[in-house]
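The structure appears below as structure tokens.
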Amino acid sequence: MTAPDPDGLLAEQLLRLTRRVHRIQKRHLEHRDLGITPAQSRLLRTLAHYGSPPRMADLAERLEVVPRAVTTLVDGLESAGKVRRVPDPANRRVIRIELTDDGRAALRELHGARHCAAEEILAPLTDEQRVVLGGLLDTLVDGPDMERGRRTA
């Protein structure tokens, strides 16, 4: 009999939690009938973080996907009226992506769906446990390089 692998067990738990989060978010999105996939919602949320409309390449880099994947997502969101392609004022050959009013409204709905999903997932935890979990997740998401950088900064 092999000894239990605690790191493997933790990795499996994180994967299971991620799948659960996605399932719950998808259910909340379906209830709001936005007609947006989880990948499209991620692109919309990413767009909202830019001060000015980003290039497709910027979105691909931020989302850590190939540019073709961004093109497919933007095509779907553009046909749904959530985003539009606009020429870069400094270089007309460059296309930038901006949110439409419908896209901003969809983002508000997405925020509500994410909030409901988070409440459902975190319901068993106390406020103190949520703070601890948040700190642990920050450490895992940022990785050891960010932790070292924070300590020396």
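Everything numeric here is computed off the predicted structure, so don't read it as measured data. Values below: all heavy atoms of this structure, side chains included; hydrogens, waters and symmetry mates excluded.
The shortest non-hydrogen separation linking Arg42 to Leu63 is NH2-O, 3.1 Å. Across Asp102 and Lys82, no two heavy atoms sit closer than the pair O-CD, 3.8 Å. Considering every non-hydrogen atom in both Ile97 and Val83, the closest pair reads CG2-CB, 3.9 Å. Scanning all heavy atoms of the two residues, the minimum distance from Arg55 to Asp58 falls at NH2-OD1, 2.8 Å. In plain terms, the two heavy atoms of Asp101 and Arg104 that are nearest each other are OD1-NH2, 2.9 Å. Arg130 and Leu125 make their closest contact through NE-O, 3.5 Å (heavy atoms, listed as atom of the first residue, atom of the second, distance).
The 12-atom threshold is not exceeded at CG of Asp127, counting heavy atoms of other residues, nucleotides or ligands nearer than 6.0 Å. Shown here is Arg16, whose CZ atom has no more than 12 heavy atoms of other residues, nucleotides or ligands within 6.0 Å.
Contact of the Met56 side chain with the Pro67 side chain is not registered, since no non-hydrogen atoms from C-beta on lie closer than 4.5 Å. Proximity of Thr71 to Asp75: side-chain heavy atoms (C-beta onward) are separated by under 4.5 Å at one or more points. Considering only heavy atoms from C-beta on, Val74 stays 4.5 Å or farther from Thr72 through its side chain. At a threshold of 4.5 Å between non-hydrogen side-chain atoms, the residues Leu47 and Leu107 do not count as touching. In this structure, Gln13 and Leu10 have side chains that are in contact, with non-hydrogen atoms separated by less than 4.5 Å. Considering only heavy atoms from C-beta on, Glu98 stays 4.5 Å or farther from Arg85 through its side chain.
With respect to Arg27 and Glu120, a salt bridge is recorded, a charged nitrogen being found less than 4.0 Å from a carboxylate O. Taking 4.0 Å as the cut-off between side-chain N and carboxylate O, Arg19 and Glu12 count as a salt-bridged pair.
To the nearest 0.5 Å, atom CD1 of residue Ile121 and atom CD1 of residue Ile24 are 4.0 Å apart. Here the straight-line distance linking atom OG1 of Thr100 with atom CZ of Arg84 works out to 6.0 Å at 0.5 Å rounding. The distance from the OG atom of Ser41 to the CG atom of Leu73 is 9.5 Å, given to the nearest 0.5 Å.
Both Val65 and Ile95 belong to a common hydrophobic cluster when Ile, Leu, Val, Met, Phe, Trp and Tyr are linked at side-chain heavy-atom distances under 4.5 angstrom. Hydrophobic cluster membership differs between Val21 and Leu44, with clusters built from Ile, Leu, Val, Met, Phe, Trp and Tyr side chains linked at under 4.5 angstrom.
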field: Verdict with reasoning, Arg45 to His111, per side-chain contact (heavy atoms from CB on, under 4.5 Å)
entry: CA-CA 9 Å; Arg45 289 191 318 272; His111 178 75; over 6 Å; no
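The backbone N or O of Val86 sits nowhere less than 3.5 Å from a side-chain atom of Arg96 that would complete a donor-acceptor pair. No donor-acceptor pair closer than 3.5 Å links the side chain of Gln25 to the backbone N or O of His22.
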